[in-house]
Amino acid sequence: MAKRPASAPVTSDLLGLQGLSASALRELLTATRELATRGVKGDELRGHIVASLFFEDSTRTRTSFAIAVKRLGAEVVELIGAGSSVSKGETLIDTARNVEAMGVSAFVVRAKQAGSAAMIARAVGPPVINAGDGKHEHPTQGLLDTYTLAEAKGRLEDFDLTGLRVAIVGDIASSRVARSAVAAFSTLGAKVVCVGPPGMVPGGFAALGATVGGSLDGVLPAMDAVMMLRIQFERHGEGKTPAPAGAEAPKASPIASVREYREFYALTPERAAKMKKGAVVMHPGPINRGIELDEAVADGPRSVIMRQVTHGVLVRMAVLRWCLGAR
Amino acid sequence: MIDPASELDQVLDVAIADDQVAAIGRRLPRADAEVVINAEGCLVTPGLIDPHVHLREPGGEHKETLHTGSLAAVAGGFTTVCCMPNTTPALDAPDALTNVLDRAARTAVCRVFPVAAATKARRGDEITEIELLARHGAVGFSDDGDCIASAGMMARVLTTVQRTGLAFMQHCQEPTLTRGAAMHAGDVATRLGLGGWPRVAEEIIIERDLRLNASIACRYHVQHISSGGSVDLVRRARAAGQRITAEASPHHLLLTHDACDGYNTAAKVNPPLREASDVAALRQAVVDGVITILATDHAPHSQDEKALPFEEAPFGLVGLETAVALYAEALVHSGAITWPRLIALLTLEPARLCNLDAVGLGALAVGGPADVTILDPALRWTIAEHDLRGRSRNTPFLGRRTVGKPLITIVAGRLAHGADTDRIVRRRGAPTSRRHIAP
């Protein structure tokens, strides 16, 4: 949404891909392609300071944003902290307001709670880029996934994904990556199917534009791409539970056992061999090798996982420019 | 004047002397009245009763106190509120009840009756002194905020509460089905990446308790009913003659989970706002007499607490000041029920639930308590912050345009709210403590 209609360039938040139009997605993806093919001048955002607020662990996303900022000639200030427990919300907003008062051009926000980026966006003037909020969205990840899929399937010209079929496999309920990817893939014409154990695949995903269910073995041969997701053990059973004080909460393990999970949902070399010609394997990382994805597949010929990482920097450069109005 | 207890709905005067209703009739003499209230165009009703509020004292005074909560109550036309025991410490011992009653007598501007906890510290594992608590002023029992999850404990509580003649009020929420839940389990929750609170978690407790209670026959009350499926269970049980009542809250009669969109913590409430089909089922249940009680579940929280990220922000919204207009919107303006029936749901029925009819509350009768609410059913107003008289502002209804507002609230013969309206004429030299309400 546009934030500043004044004489300054029109800046925008990027809080999620749900609700973003196909033309907006294509604008960002085309800008990414331009960066990939023509390179960067390197000084486009000179003088800008981007505040990177990471209240939750991150390796790829934080580094990727930092590199993107530097390659555009801007500076990045990183604030990294787990955040306090009870007053976390107030701290989030307060921290953002304080940093705003010091003078920054944009915020990149990663937090454990869904809606955090939106909350900060309401509280501050500069544009806010969501770098992952709880189980909600991770829009730059969704964009780099889309770009990688388009590259692998020769759709870089118009980013029209019509006719492509993509399976997202695993812990979809916990996944902000899945929410962003489903939105972008389906808006651009791809058919998405969500596959995973019961309880990890909410039926509500149908409302986001995906089909739900089916076994991995059943859908795999028809897919042009599969996106494997990590089991987010750390997100299960979190949040404020209105259970009676003192009542013993059974350990909320999302799966009965790794061996059962692997039996039905892991992408093993045997399963990968059943994929159709040219079909690719994606993973947002971090990979739990040997659980959802085997070594030989992760590093095998179908894998475009490292392309995803590379595209991450380009996508984030495009997003930073877009959000700061330097389009 | 409307009095559901005596089925009166006529243009009548009400005269008050001290804390009692002195006379009700046509054109009562008013020459000797100290105060004359012109109630033309208004409904004059028994003081409204809310059997489910959270006044936060002791332990949560930054959210609300007995004093500020009572200001909210009288601003909303309520002369009596029943406060839930989820304070800190919980109202789980006779001393705690006595303390609240004493504090209320000194600081509250309306009548406050405590509902006592059924288990110690509301932990669900140790029963409280239920019969002693009844003797010390409890008007009902509940672990509200938490469900009594253990079937064994529930059976024991029902058996004991049954002895007191009071009602047990269940917060129906199977805890293992709602772990990590922040809102209704539906497509909005999926989209927002928030944990879902499914309907079945409410329904399964009602179903279980109906089975348990079938042989015990305790008075069983479903608090803040939210699911259309729950309504069906209550409907069938009532038809079968089981002792069960249910209450509905304004937000569940008007809003859906869409109100949570954009991570609006003002709409985060437990049980959660559900879907349009649930709203319709609840309204129909009021029409059919399946839901016989309305309760706000007034749940104040500070701005800081509601400014937390959605998952961490507390459940609940304030409701006392805005209740009448919202009930009217959902039930009367929609054509579902009449004003007299709405008044019954707000007076006679909750009085019966809490055995307060025994002391004349919930009715307007000569010799009875002079608790009177005067409301303008046609007044148009927009809900604004300054209308909220309690300590907290957490409501999703700010800015809503509504029709109908309580203007004057009289508690035990005293003007508790609305003293500044121009409908009140004070007469110098007249004998004191005589009040007269004329149409």
Side-chain angles (χ1 to χ4, degrees), chain A residues 15-16 18-19 55 83 85-94 111-120 122-123 133-138 172-176 178-180 182-183 201-208 212 235-250 252, chain B residues 86 90 119-126 143 145-150 153 171 173-197 201 260-265 268 270-272 302-316:
Chain A
L15 303 176
Q18 296 172 42
F55 300 102
S85 54
V86 181
S87 61
K88 200 174 281 173
E90 199 209 348
T91 307
L92 272 171
I93 290 180
D94 260 3
K112 201 172 148 211
Q113 308 88 355
S116 300
M119 201 174 74
I120 288 175
R122 278 197 295 269
D133 61 328
K135 301 173 186 175
H136 176 223
E137 279 233 39
H138 191 352
I172 287 153
S174 304
S175 178
R176 54 194 175 210
R179 282 172 178 79
S180 293
V182 166
V201 185
F205 263 74
L208 305 187
V212 170
R235 284 194 207 283
H236 292 272
E238 75 179 17
K240 273 228 166 131
T241 306
E248 188 63 31
Chain B
N86 62 336
T119 71
K120 288 187 182 162
R122 301 169 42 259
R123 277 199 303 264
D125 53 12
E126 207 180 337
D143 275 4
D146 288 314
C147 182
I148 295 186
S150 149
M153 177 55 71
H171 172 112
Q173 178 181 4
E174 212 295 315
T176 64
L177 289 171
T178 54
R179 190 161 289 126
M183 65 176 292
H184 171 62
D187 54 3
V188 178
T190 301
R191 188 154 48 76
L192 296 178
L194 295 170
W197 196 135
C260 300
D261 216 347
Y263 300 96
N264 179 15
T265 58
K268 181 179 179 182
N270 190 12
S302 71
Q303 282 180 324
D304 274 9
E305 291 160 335
K306 280 290 191 180
L308 287 164
F310 198 93
E311 288 156 270
E312 295 179 354
F315 290 100

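So that the names make sense, note that chain A is the first sequence line, chain B the second, and so on, each numbered from 1.
- Between the OG1 atom in B/Thr190 and the CD1 atom in A/Ile172 there is a gap of 12.0 Å [rounded to 0.5 Å].
- Contact annotation for A/Ala114: both backbone and side-chain heavy atoms come within less than 4.5 Å of a heavy atom of chain B.
- Taking B/Val188, B/Asp187, B/Leu192 one by one and counting their heavy-atom pairs under 4.5 Å with chain A, the maximum is reached by B/Leu192.
- For B/Glu312 (side chain) and A/Gln113 (main-chain N/O), no donor-acceptor pair under 3.5 Å exists by modelled atom type.
- Residue A/Arg176: no heavy atom, backbone or side chain, is found under 4.5 Å from chain B.
- Residues A/His136 and B/Tyr263 form a side-chain contact, since some pair of their non-hydrogen atoms from C-beta on lies under 4.5 Å apart.
- Contact record, B/Arg191 with A/Arg179: O-CD, 3.9 Å, taken as the closest heavy-atom pair.
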